[in-house]
Peer 1: 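Submitted below is the structure of interest, expressed as structure tokens.
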Amino acid sequence: MRRVCACFLKSPAKTPPKHETQRVSKQTAGNQKSESASNNSEVMANSSGSQGTNIIQNHNFSGGLHSWHPNCCESWVVSAESGDCYAMVTNRKECWQGLEQDITSRVTPGSTYSVSACVGVSGSLQGSADVLATLRLEHQDSATTYKRIGITSVSKERWDKVEGSFSLSSMPNRVVFYLEGPSSGIDLLIKSVVITCQSANGKERVDREHIAAGDENIILNPIFDDGLKNWAGRGCKIVLHDSMADGKIVPQSGKYFVSATERTQTWNGIQQEVTGRLQRKLAYEVTALVRIFGNNVSSTDVRITLWTQTPDLREQYIGVANVQATDKDWTQMQGKFLLNGSPSKVIIYIEGPPAGTDILVNSLSVKHAAKAAPSPPPVIQNPAFGVNIIGNSDLDNGTNEWFPLGNCTLSVRAGSPHILPSSARDSLGPHEPLSGSYILATNRTQTWMGPAQMITDKLKLFLTYQVSAWVRIGSGASGPQNINVALGVDNQWVNGGQVEANDDRWHELSGSFRIEKQPSKVMVYIQGPAPGVDLMVAGVQIFPVDRQARFNHLKHLTDKLRKRDVVLKFSGADSSSLVGATVIVKQTQNSFPFGSCISRTNIDNEDFVDFFVKNFNWAVFGNELKWYWTEPQQGNFNYRDADEMLDLCKSHGIETRGHCIFWEVESTVQSWVRSLNNNDLMSAVQNRLNGLLSRYKGKFSHYDVNNEMLHGSFYQGRLGKDIRANMFKTANQLDPSATLFVNDYHVEDGCDTKSCPEGYIEHILGLQEQGAPVGGIGIQGHIDNPVGPITNSALDKLGILGLPIWFTELDVSSVNEYVRADDLEVMLREAFAHPAVDGIMLWGFWELFMSRDNAHLVNAEGDVNEAGKRYLALRKEWSSHAHGHVNEQGEYTFRGFHGTYDVLIVTSSKRTTKSIVVDKGESPLVVPISL
């Protein structure tokens, strides 16, 4: 693969000593010298990558061209009058041709390397030429990629330095460093190259080559062969046993186990200090054999926790694993963790059961985690998109294929809608009318009773199925009734969608599901209303959705919504020299907000920060701004974490959302707040508002004022109906520049009657009627099996309020990375194509630092997985580049996404770069550019 060099940056040149000419050695492509054994010591010396060690072999060409190879050109070494040597690269036909060296064995992911090369040019050159330092990254199963390190502009008879730095988030098969850049026919001169590994600011090297997965257990005395050596009780006593309970409890492995006894707190247990035995930015797998004993507790939660303390005494508790342990047998625990920073003290311990219950531990292992092979993409034969798998859905054959679940009675009646529900119409397109017949379920004595059907043999793994039905309740209901399409998958309940019915009209029910493991039995059934309430069901549709067909439609909508025609009008130069001039347009930033959740510990990991700042332009803090974090005990404040995260975002030009001022769900409210009487609680709420918004006035663009009000009522229940609106009013008074949001979950997926779009609209209108300055609608977006038309329908409904909608906490989850990537693409495309959506925030992207398992885009040690690659591909698709020539009217036109662009104009006499902004607008944007 050939690349074209585009070189725009300029830097001043420096004067070198004279350099002329004695040929020392010559090398051409195709006649490369083999590496001699005499330089093995140099390879070994450099392989450690210690700070200050140059990893480039033969860096000043004193050994001729040893270790260097020309790239499709010729090269030789000459000596200057001073006795110094330098390489001359000649017979260059393309700008990418130069001199290269393979450095694969001398670099590792997670380290940062500084590059400095002394370079010059020679030949028929007017003015200066650009010289680039570049990495070529060759991957086994994907295309070769290139990483630019640095660039400088060099004039003849002057040496200059090209400088920069690089780091690798993952290790390719081959890493090649090379120098390139000048136009064809220009000779490239190289005097020296220095690449050193930085270790300042905690950026030490992590040598993964010598830490194979499954290597040595870092736990000392892991099966207690040496008694209690290296172990200690954590607030309790520990005792060594070979058996307990009259021989009924014996070790599952080895000869001994340990009990943590006389426990008076849940955090009491058994611990071992592992300081100095863990490497940062490595993933570790933890396994343990545990059980419980005593206090009449037969089953309880047992947890493995990692406690760390930094040199500045900052503490962190990392939940590693948890399991329901029993007093009947040994249970295996398993989990993973990763340290972003370099703590001064680390302790691993096992805790959890209630006071008085002993924890028994048979073994504990902590090893470098093996990298799991990604799941292959699902292969689905004949998916039959849009085909209903429900038999006799129109009831032409009575209740054939249907059966009553429980002892209710089913019959067929007429009088239901003849049209499909709207979201099903959006997916299926033109469709035959429904029959108008419905199933009536009577004599229901349990909520789960209703019509059912077996669909085991009709389902295919990994397909996303959309669920659609008309439902209605009979008379006799005492209030609103939930109606749910459910699936029994090997006796596990799966939610296929639900709706609340509160009157005698037909309601649209929508939802979705996916099966990823082969079941032995799958039953679909409709349930929900209270016993004694009749249930009516019509037009049940369950069909696999064609996502690609939907994507094509969304691409068209996106082009109309997020792009604009641009006319560049050039002036200020001789018109004859301007016509035909080359124009290169490159988007440098998309103005649409794509953000992510981050945590304080994440920013100690340079690899995390590097991916974050390159691929996101907004941030939200996972916990560090929540009240339970900033004031865990009354009067004990912690704003330090949020301050440091804000500083990072500000330094990279990243805007921030404030999440959240309050959280309405009682279980998330810290105990000291819950214990206050109502008067003191009101004062504490006011103090929270004053303290937070005064401290950060103007620094957060958004605030989620009172999180999840559709799912909680702590503050409203304690302080009255007006408190919610008053929170908004006070926040607006304290920081008028911030947009104030409501924020809730399951709004977009049809699976939660508490937060359906209609209920969210009613909630927002109620706040506004009380004078609350609600400025935006937050949809969290923790979604499973997304179906585009269902999400789009929710956005359409909420869009009538005229407020900006943001997906504030988007994540999707699947063990299969390809399915996860598909789910993510559904949500990103639906949001980006909808006119009411103004921003998308992911709820994290790095493995082990997300609230949901199997939701990450980047694996723990920095490898971008299939979901991450899909995200990056979409960001690239939504970035515009164009090139062409100025026409006879002195114009160049293109259509591009909204955002900031660099425009390079190349005439016969000069190159000029201008920056422009393409903002929203329906008419073409005319941009005058004076040259």
Side-chain angles (χ1 to χ4, degrees), residues 374-375 377-378 380 423 427 461-467 494-497 510-517 544-548 550-551 554 594-598 611 615-616 620 622 743-752 755 778-795 805-834 837 839-860 864-875 877-878:
S375 304
I380 303 170
S423 62
S427 292
L461 298 184
F462 295 109
L463 277 179
T464 300
Y465 288 88
Q466 183 171 345
V467 178
V494 175
N495 186 0
S510 295
S512 65
F513 68 90
R514 181 172 57 234
I515 308 299
E516 297 191 2
K517 292 182 179 180
V545 293
D546 186 350
R547 288 172 156 182
Q548 287 300 324
R550 176 75 179 176
F551 290 167
L554 294 174
F594 289 98
S596 176
C597 167
I598 62 175
F611 188 92
N615 298 297
F616 299 97
V620 63
N743 192 50
D744 229 301
Y745 61 91
H746 286 328
V747 177
E748 75 289 354
D749 57 12
C751 73
D752 187 347
S755 50
I779 300 175
Q780 290 184 9
H782 302 293
I783 190 168
D784 292 305
N785 327 310
V787 171
I790 296 176
T791 297
N792 183 73
S793 174
L795 294 173
I805 298 173
W806 281 58
F807 279 94
T808 55
E809 305 179 19
L810 177 62
D811 58 22
V812 295
S813 176
S814 174
V815 173
N816 189 292
E817 293 177 6
Y818 292 88
V819 175
R820 192 188 318 162
D822 290 344
D823 285 353
L824 182 63
E825 184 172 359
V826 168
M827 295 305 297
L828 292 175
R829 286 198 184 277
E830 291 291 343
F832 198 54
H834 200 283
V837 176
I840 302 170
M841 307 291 295
L842 303 187
W843 200 242
F845 57 87
W846 201 276
E847 185 185 11
L848 303 182
F849 297 94
M850 301 190 68
S851 59
R852 298 174 72 188
D853 291 335
N854 303 310
H856 55 282
L857 313 188
V858 182
N859 298 338
V864 180
N865 61 30
E866 292 302 323
K869 291 174 183 176
R870 190 73 57 87
Y871 172 78
L872 297 177
L874 287 171
R875 292 298 311 275
E877 177 184 323
W878 296 330

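All residue numbers in this chain count up from 1 along the given sequence. No experiment lies behind these values; they were computed from the predicted model shown.
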Peer 1: With rounding to the nearest 0.5 angstrom, report the CD to OG distance, Glu830 to Ser793.
Peer 2: 11.0 Å

Peer 1: Taking all non-hydrogen atoms of both residues into account, name the closest pair between Ala860 and Trp846 and its distance.
Peer 2: O-NE1, 2.9 Å

Peer 1: Mind listing the closest non-hydrogen atom pair of Asn854 and Arg820 along with its distance?
Peer 2: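 So the minimum-distance heavy-atom pair works out to O-NE, 2.9 Å.
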
Peer 1: Please step through salt bridge (Lys or Arg N to Asp or Glu O under 4.0 Å) for the pair Asp784 and Arg852, ending with a clear verdict.
Peer 2: CA-CA 11 Å; Asp784 292 305; Arg852 298 174 72 188; 2.4 Å; yes

Peer 1: So which heavy atom on Gly496 is nearest to which on Val467, and how close?
Peer 2: O-CB, 3.4 Å

Peer 1: If we only count heavy atoms from C-beta on, is the Thr791 to Phe807 side-chain gap below 4.5 Å?
Peer 2: yes

Peer 1: From Met827 CE over to Leu842 CG, what is the distance, rounded to the nearest 0.5 angstrom?
Peer 2: 10.5 Å

Peer 1: Please walk me through it: do Thr808 and Val620 pass side chain to side chain contact (heavy atoms under 4.5 Å, CB included)?
Peer 2: CA-CA 9 Å; Thr808 55; Val620 63; over 6 Å; no

Peer 1: Closer than 3.5 angstrom, by distance alone: can the side chain of Asn865 be matched with the main-chain N or O of His856 as a donor-acceptor pair?
Peer 2: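 Yes: the side chain of Asn865 pairs with the backbone of His856.
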
Peer 1: Hey, could you give me the CG/CD1 distance between Leu795 and Ile790, rounded to the nearest 0.5 Å?
Peer 2: 12.0 Å

Peer 1: Does the side chain of Ser375 reach to within under 4.5 Å of the side chain of Tyr818, using non-hydrogen atoms?
Peer 2: no

Peer 1: With distance as the sole test, does Asp811 use its side chain to make a donor-acceptor pair with the main-chain N or O of Ala855 at under 3.5 Å?
Peer 2: no

Peer 1: Checking the side chain of Glu817 only, and the main-chain atoms of Glu866 only, is there a donor and an acceptor separated by less than 3.5 Å?
Peer 2: yes

Peer 1: Report the relative orientation of the aromatic rings in Trp843 and His782; use parallel for angles under 30°, tilted for 30 to 60°, perpendicular for over 60°.
Peer 2: perpendicular

Peer 1: From Glu877 CD over to Glu825 CD, what is the distance, rounded to the nearest 0.5 angstrom?
Peer 2: 7.5 Å

Peer 1: Say whether, by atom type as modelled, one donor and one acceptor occur between the side chain of Glu809 and the main chain of Gln780 under 3.5 angstrom.
Peer 2: no

Peer 1: Tyr871 and ring pair (Phe, Tyr, Trp, His ring centres under 6.0 Å): which partner among Phe616, Phe845, Trp878?
Peer 2: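 When ring pair (Phe, Tyr, Trp, His ring centres under 6.0 Å) is applied between Tyr871 and each of Phe616, Phe845, Trp878, only Phe616 qualifies.
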
Peer 1: For residues Gly844 and Met850, report the shortest heavy-atom separation together with the two atoms involved.
Peer 2: O-CE, 3.3 Å

Peer 1: Would you indicate whether the side-chain heavy atoms of Asp823 and Arg514 approach each other to under 4.5 Å?
Peer 2: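 Yes, close enough: below the 4.5 Å cut-off.
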
Peer 1: Can you tell if the side chain of Leu872 reaches within under 4.5 Å of the side chain of Phe611, non-hydrogen atoms only?
Peer 2: yes

Peer 1: So how far is it from Ile779 CD1 to Met841 CE, rounded to the nearest 0.5 Å?
Peer 2: 14.5 Å

Peer 1: Check for a donor-acceptor pair, side chain of Asn792 on one end and backbone N or O of Gly788 on the other, with a separation under 3.5 Å.
Peer 2: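 Not at all, since once roles are kept as given, no pair shorter than 3.5 Å links the two residues.
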
Peer 1: Let me confirm one number: the OH-SG distance from Tyr745 to Cys751, rounded to the nearest 0.5 Å.
Peer 2: 9.5 Å

Peer 1: Can you say whether the rings of Phe832 and Phe594 are parallel (under 30°), tilted (30 to 60°) or perpendicular (over 60°)?
Peer 2: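 Rings of Phe832 and Phe594: tilted, as their planes differ by 30° to 60°.
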
Peer 1: Side chains of Ser510 and Ser423 only: does a donor on one sit below 3.5 Å from an acceptor on the other?
Peer 2: yes

Peer 1: Less than 4.5 Å apart, side chain to side chain, heavy atoms only: is that true for Pro378 and Val819?
Peer 2: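 Yes, close enough: below the 4.5 Å cut-off.
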
Peer 1: Verify whether one side chain among Ser755 and Asp744 offers a donor that lies under 3.5 Å from an acceptor in the other.
Peer 2: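 No, no side-chain donor-acceptor pair sits under 3.5 Å.
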
Peer 1: Quick one: does any side-chain atom of Arg547 pair with a main-chain N or O of Val826 as donor and acceptor, under 3.5 Å?
Peer 2: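 No; judged by distance alone, with no hydrogens or angles, the pair does not exist.
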
